[in-house]
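Input: a single structure, listed below in structure tokens.
The first residue in the sequence is number 1, and the count goes up from there.
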Amino acid sequence: MSHLKLFAATLKWHGIKFLEKQDIARRVFLHGQRYVSSGTSEPFLSGSNSNYVEEMYYAWLENPGSVHKSWDLFFRNANAGQAYDPHLPDQLERKASFLQSHGLAQTPGKAEKLVEDHLAVQSLIRAYQIRGHHVAQLDPLGILDADLDSFVPSDLITTIDKLGAKRKEKNRMLALLDFKRFYGLHESDLDKVFQLPTTTFIGGNENSLSLREIIKRLENTYCQHIGLEFMFINDVEQCQWIRQKFETPGVMKFTNEEKRTLLARLVRSMRFEDFLARKWSSEKRFGLEGCEVMIPALKTIIDKSSEMGIEYVIMGMPHRGRLNVLANVIRKELEQIFCQFDPKLEAADEGSGDVKYHLGMYHERINRATNKKITLSLMANPSHLEAVDPVVQGKTKAEQFYRGDTAGKKVMSILLHGDAAFAGQGVVYETFHLSDLPSYTTNGTIHVVVNNQIGFTTDPRMARSSPYPTDVARVVNAPIFHVNADDPEAVIYVCSVAAEWRNTFNKDVVVDLVCYRRRGHNEMDEPMFTQPLMYKQIHKQVPVLKKYADKLIADGTVTLQEFEEEIAKYDRICEEAYTRSKDNKILHIKHWLDSPWPGFFNVDGEPKSMSCPPTGISEDLLTHIGNVASSVPVKDFKIHAGLSRILRARLEMTKNRVVDWALAEYMAFGSFLKEGIHVRLSGQDVERGTFRETPWHFSNNMVICGEGQVGAIWHQSECSTFWHLSNRISCVSVCSILKNCI
């Protein structure tokens, strides 16, 4: 509030005091009578008049030419503390008697209070935008606060009922005390109308609202099932974009068809887990129970991205929910998933594989929502939950490179995380810092956190020091959308906005699905040993599918019969796939690859001959590469004396048919470049070399285009796109090398 009070004090001194001294109130030219109250008792600078004056002042500060010349002259003189120019346009004098007849001249004291109240309302709006997420209803269980703190910020009026008779008198009085202490407002101000600032969209088509309505709309936006963290972003345009997406009244509306699609996706997500639980009750599968909404969430992101032109989505995730994602997002054949539970299944000759909840998948299909072709790749991942993150980014970068997708409009990545791993594993932080580096950016990643509010057996309060598991994303100005996973429509809307954000700004975004884990760490674990209170509540929890189905049946969107038929339909699909799975006796790894590997398998699905083709090259070519490695790419270019010695030594070795490690490395890369194969190196040592034996920064930033032709990478050359050097980081190196060699 300090900066607002300072502004108010400045406005008082230069504006209102000036009005009193110079008797300007009667001369102010108002643009039409619609800005003047019809009540004779309304003083100058009160109600809509004060809103108008303040609006003009803000506009004048940004651009003096945007206001009427009389306002420009008035504010210039007021800020300079000079006397007002008496030669105002005749229009002002014609308005003088009108203003006086309506009592618009008033004491500065009351005008000051009105300005302060208006600024206080703006401060209240900003408080909700910054801290509203702290009191949002995010936990489906209703027993924890997602930010680990039950404290309610005192500058938030957390419910309008606190200021009405419905609440207990004690709570009501406490709210009124906060209202007065922070904003200088009283209960009597609730029905006063205030002009809305340009930094909010809660008014929709209205420019002013009563204070009571302002608080109500702010609560509906920031304190319900969606918690927004974005005000730390230092880009005004991006903040305004988010405000408009969430604050505009009635923005979260769904058609009946969209609701029915959401219900059908929830049915598939939940019945898949139920089917596995019935058939293999004693098997580990790391089910998704408690966060079944993740499946329609991912499908919404993919649908929206496909609509905006994305053709290839690369995904990485831990083991929880992987089988469900494979079945209902990637659309892997169910029988290939079910046969993984057969202990007698034998591995084929091409490898031993891994446990079913670590495997990946590559699939091309038609997106039903957009009728466009979409390619989906789910990367394989080991037990180290977040190890796949930089691998996904590296593959995405490579795919974008080979498709010429420099803006990330065709290829994108989605990373799924658990809450404990997202906050606890350093590779997450390291991967975030790749997101905006020129040589590493994939033009925005959508992060989806399955926030079970528990690690293996560890309560969040004992697992992290930050309020949320997603706070690591703040370091790169990524907006964070927390959402109650038991509100499917809120989840779908948030995911749709996240996809639009990524496409609009090419920056990372985080969707935090606040949910619960219905079973233990795995299906064999008993969580009541360590979290008895939480799991007592979980056992009472009504599944999200039943909640949403009851809601749609109640409002007539679907009938009970239609809902039951949808369940029976998917159960029948699972049973038929289960029957077919019994015929599978051998596990073929080719069904579980996250890249296509064209030409690697024969028609029968078996790998082709594993013999390695000859890799040797002629001595003439080696000599040519060695001579290039010893030369300077620009004629008469003066280089460092130390580098000159290295180049002369290289040339001498080439003449003597001798190589050291650095020259051998150069010859290997040069032979790839000669064949048109892209080579990418990353890490701090690739530019200069650890012991100065490989000065890539100068002499190795070259490409070999033909006999005797050398071109520096920063000059025009037909081969310059084959070589990429990045001296950025060493903690996480992402290399995409020789992708086309397989």
| message | Atom CZ of residue position F254 - does it have more than 12 heavy atoms of other residues, nucleotides or ligands inside 6.0 Å? | response | yes
| remark: Separation between CG (N451) and CG (D512), nearest 0.5 Å, reads 4.5 Å
| Are any side-chain N or O atoms of T441 and backbone N or O atoms of L437, one a donor and one an acceptor, separated by less than 3.5 Å? | no
| Atom of V491, atom of A297 and distance for their closest heavy-atom approach | CG1-CB, 3.8 Å
| said: Within the structure provided, determine whether I302 and I414 are in side-chain contact (heavy-atom separation under 4.5 Å). | reply: yes
| task | Could you please spell out the steps behind the side chain to side chain contact (heavy atoms under 4.5 Å, CB included) verdict for V388 and M317? | result | CA-CA 7 Å; V388 76; M317 68 178 296; over 6 Å; no
| task | Kindly give the heavy-atom pair with the smallest separation between V542 and R518, and that separation in Å. | result | C-NH2, 4.4 Å
| message | Does the plane of the ring in W501 sit parallel, tilted or perpendicular to the ring in F505? Use 30° and 60° as the thresholds. | response | tilted
| query | Does the pair E489/K551 count as a salt bridge with the N-to-O cut at 4.0 Å? | reply | yes
| message | Less than 6.0 angstrom from the centroid, inside 45 degrees of the normal: does K279 satisfy that with respect to the ring of F338? | response | no
| note | Note: A473 and V510 closest approach over all heavy atoms is CB-CG2, 3.5 Å
| field | R517 (side chain) donor-acceptor with N452 (main chain) under 3.5 angstrom | value | no
| request: Assess whether ring pair (Phe, Tyr, Trp, His ring centres under 6.0 Å) is satisfied between F275 and Y570, documenting all intermediate values. | output: CA-CA 10 Å; F275 184 83; Y570 189 69; 8.5 Å; no
| query | Do you know the tightest heavy-atom contact between L266 and P488? | reply | CD1-CG, 3.9 Å
| task | Compare all side-chain heavy atoms of I374 with those of V313 and state whether any distance is below 4.5 angstrom. | result | yes
| field | T300 (side chain) donor-acceptor with P296 (main chain) under 3.5 angstrom | value | yes
| Distance only, no hydrogens: is a donor on one side chain within 3.5 Å (strictly under) of an acceptor on the other, for N484 and D139? | no
| Atom pair OG (S413) and OH (Y312), whose distance is rounded to the nearest 0.5 Å | 11.5 Å
| Is a side-chain N or O of E564 found less than 3.5 angstrom from the main chain of E562, in a donor-acceptor match? | no
| field | Ring-face cation of R680 near Y440 (centre distance under 6.0 Å, axis angle within 45°) | value | yes
| Have K395 and S377 got a donor and an acceptor in their side chains that come within less than 3.5 Å? | yes
| task | Verify, without hydrogens or angle tests, whether S305 (side chain) and A499 (backbone) share a donor-acceptor contact under 3.5 angstrom. | result | no
| Distance (rounded to the nearest 0.5 Å) between D471 CG and I480 CD1 | 6.0 Å
| At their closest point, which heavy atom of R403 faces which heavy atom of E311, and how far apart are they? | NH1-OE1, 3.5 Å
| request: Give the ring-plane orientation class for H447 versus H417, where under 30° counts as parallel, over 60° as perpendicular and anything between as tilted. | output: parallel
| Do K304 and N503 have side-chain heavy atoms sitting under 4.5 Å apart? | no
| said: Regarding E289 and Y516, do their side chains bring together a donor and an acceptor under 3.5 Å, going by distance alone? | reply: no
| said: How about NZ on K373, more than 12 heavy atoms from neighbouring residues, nucleotides or ligands closer than 6.0 Å, or not? | reply: no
| field | Check: Q393/K397 side-chain N/O donor and acceptor closer than 3.5 Å | value | no
| query | Would E364 and Y362 count as having a side-chain donor-acceptor pair, cut-off 3.5 Å? | reply | yes
| query | Should the heavy atoms of other residues, nucleotides or ligands under 6.0 Å from CZ of R368 be counted, would the total exceed 12? | reply | no
| Pair Q453-D419, side-chain donor/acceptor within less than 3.5 Å | no
| Quick one: does N367's side chain have a donor or acceptor within less than 3.5 Å of a partner on N371's backbone? | no
| query | In Å, rounded to the nearest 0.5 Å, how long is the span from CE of M412 to CZ of R502? | reply | 5.0 Å
| query | Does one side chain, of D389 or Q425, offer a donor that lies under 3.5 Å from an acceptor on the other? | reply | no
| field | Backbone N/O of K547 and side chain of D550: donor-acceptor pair under 3.5 Å | value | no
| query | For residues T370 and S306, is any side-chain donor paired with an opposing acceptor at under 3.5 Å? | reply | yes
